[in-house]
Colleague: 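I am attaching a structure below and will ask some questions about it afterwards.
Position 1 is the first residue of the sequence, and the numbers go up from there.
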Amino acid sequence: MPDTDPKDPKKRTWTEEIEVAGDQLVARVKELAAEAEVKRIRITEPDGDLVLEVPLTIGALAGGAVVLAAPLLAVIGALAAFVTKVKIEIVRTDPPETGD
């Protein structure tokens, strides 16, 4: 669903939901966090209860920032041990437009 970014009204944000198995949660969060356009990740139970919300900077887990994110990934790993399926809500910004 498109919306505008309150910090920059020219940027639009998009929200998508995916469902993943608990054992795939950490790997999927790492992949999403490394994507430049992912702005926020919300992890919810299938019934809709919010479990964890993670705001991300651009490519937060890319490069050396993985060491800084280790505690967060440990929490997500512990969560994955207790759930069989979760939904991940991903808030993305539009990629920058190229001036062709």
Colleague: Is any side-chain N of the basic residue among Glu37 and Arg92 closer than 4.0 Å to the acidic one's carboxylate O?
Modeller: yes
Colleague: Is Ile43 close to Val29 at the side-chain level, that is, under 4.5 Å between some pair of heavy atoms?
Modeller: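 With C-beta onward as the side chain, the pair touches.
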Colleague: Gln24: which residues meet the side chain to side chain donor-acceptor pair (under 3.5 Å) condition with it, sequence neighbours left out?
Modeller: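 Once residues adjacent in sequence are excluded, Gln24 has no partner under the side chain to side chain donor-acceptor pair (under 3.5 Å) criterion.
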Colleague: Heavy atoms only: give me the nearest Leu25-Leu79 pair and the separation to one decimal.
Modeller: CD2-CD2, 3.9 Å
Colleague: In Å, rounded to the nearest 0.5 Å, how long is the span from NZ of Lys85 to CD of Glu19?
Modeller: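 Lys85 atom NZ to Glu19 atom CD measures 4.5 Å (nearest 0.5 Å).
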Colleague: Drop me the distance from Glu17's CD to Ile90's CD1, to the nearest 0.5 angstrom.
Modeller: 9.0 Å
Colleague: Quick check: closest heavy atoms across Gly22 and Ala80, and the distance to 0.1 Å?
Modeller: O-CB, 2.9 Å
Colleague: Quick one: closest heavy-atom pair of Asp49 and Asp47, and the distance?
Modeller: N-OD1, 3.1 Å
Colleague: Which heavy-atom pair separates Thr15 from Val91 by the least distance, and what is that distance?
Modeller: OG1-CG2, 4.0 Å
Colleague: Please identify which of these residues, Glu45, Arg42, Glu89, meets the side chain to side chain contact (heavy atoms under 4.5 Å, CB included) condition with Leu50.
Modeller: Arg42
Colleague: What's the separation between atom CD1 in Ile88 and atom OG1 in Thr44, rounded to the nearest 0.5 Å?
Modeller: 9.0 Å
